Amino acid sequence: MGWRKRHPGCSSRTPATAAALVICALLGPACSATPDSAPGAGATAGASRPAAHAKDPGQCRRTLVGVAHPDDDLFFLNPEIGQTIRSGCPVDTVYLTAGDDGKKNRVEALEYVDRREYGVRAAYAEMAGAANRWERADVRADGLRIRSYRLADKARHTDVRLTFLDLHDGLPHGQEPNSLLRLFDGSKKSIEPFQGAESYTEDRLLAGRCHVVECVSA
């Protein structure tokens with residue numbers, strides 16, 4: 001599932017639209033992102049390749065990719081993502097859910113999610129021709145701290161960020177107790193993420209949605 005830009009519309013409250021807007025809010029200019037001192041996940045996996053020739057800055061706009069699960073972007077939005085990165089253009093990819101697949105065993109679920117995340121980090125480093133090194137650069141918005149990583153191969157001069165909202169997988173019909181659908185059908189006032197201590201309310205997800213659309217359309 002990929003999100004596309006929409007014309008500003010404050011009245012829209014569908015789950016897909018709300019998800020897209022909160023993604024933009026988290027990565028927009030109104031939010032802050034400061035790299036942590038601790039190194040991010042993703043160890044070195046080979047030396048970087050020579051940097052690709054970047055496009056003229058006037059022709060190169062930041063690309064925002066939003067998908068439901070880690071690896072959806074690789075299956076459904078490539079080769080466009082790879083072509084954009086190799087052109088030297090900034091790319092931000094945001095994953096709405098942790099991709100836990102509804103696994104009940106917590107240890108198995110954590111291992112499964114970790115493998116999926118490692119896979120997408122390795123894939124983006126490969127697309128950038130860079131070493132698989134990442135630095136933690138969480139984003140803050142409306143009191144939330146969201147896990148985020150920047151590709152840290154300085155020799156490559158890339159601008160690639162991967163951000164994980166860590167919501168639970170809703171499975172086919174949103175039947176999981178902490179699925180996003182629970183907020184929008186009114187059955188729950190807040191949902192707990194798969195990882196992290198801060199819960200999500202509908203207000204948090206929808207905060208500043210009109211301003212967000214303007215930022216994306218700019």
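Computed from a prediction, not measured in an experiment: that's the story for all the values here.
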Without swapping roles, check the side chain of [X] against the backbone of [Y] for a donor-acceptor pair under 3.5 Å.
X	Y	value
N78	G82	yes
R116	P70	yes
S179	G170	no
T158	V160	no
D138	S148	yes

Measuring from atom [atom1] of [X] to atom [atom2] of [Y], what distance do you get when rounded to the nearest 0.5 angstrom?
X	Y	atom1	atom2	value
N178	S199	CG	OG	9.5 Å
D169	H69	CG	NE2	4.0 Å
F194	L165	CZ	CG	14.5 Å
I191	L181	CD1	CG	9.5 Å
L151	D159	CG	CG	9.5 Å
R150	R136	CZ	CZ	14.0 Å

Co-membership, hydrophobic cluster, residues [X] and [Y], 4.5 Å side-chain:
X	Y	value
Y118	L110	no
F184	L96	yes
V113	Y200	no

I'd like to check [X] versus [Y] (side-chain heavy atoms, cut-off strictly below 4.5 Å). Are they in contact?
X	Y	result
F164	V120	yes
T97	H168	no
R147	T163	no

Requested in this report: Only pairs at least two apart or in different chains count here, so list each side-chain hydrogen bond (donor to acceptor under 3.5 Å, both in side chains) that has a residue in residues 98-107.
Outcome: K104-E176
Query raised in the report: Can you check side-chain contact (heavy atoms from CB on, under 4.5 Å) on D71 and F76, steps first, answer last?
Result: CA-CA 9 Å; D71 69 21; F76 305 121; over 6 Å; no
Query raised in the report: Step by step, would you call V67 with L77 a side-chain contact (heavy atoms from CB on, under 4.5 Å)?
Result: CA-CA 9 Å; V67 291; L77 298 174; 3.8 Å; yes
Query - side-chain contact (heavy atoms from CB on, under 4.5 Å) evaluation trace for T63 with D92 - result: CA-CA 6 Å; T63 295; D92 294 295; over 6 Å; no
**Report entry** Minimal non-hydrogen separation, M127 against I81, with atom names
**Finding:** CE-CG2, 4.0 Å
Report task. Quick one: name the residues clustered hydrophobically with Y112, using the 4.5 Å side-chain heavy-atom rule over I, L, V, M, F, W, Y, and just say none if it's on its own. Result -> none
Query raised in the report: Does any donor atom in the side chain of Y95 or D166 lie under 3.5 Å from an acceptor atom in the other side chain?
Result: no
Query raised in the report: Can T93 and Y124 be counted as having a side-chain donor-acceptor contact under 3.5 angstrom?
Result: yes
Query raised in the report: Honestly, is R161 close enough over Y149, meaning NZ or CZ under 6.0 Å from the six-membered ring centre and within 45° of the axis?
Result: no
Report task. May I ask you to decide whether R182 forms a salt bridge with E202, counting only side-chain N to carboxylate O separations under 4.0 Å? Result -> no
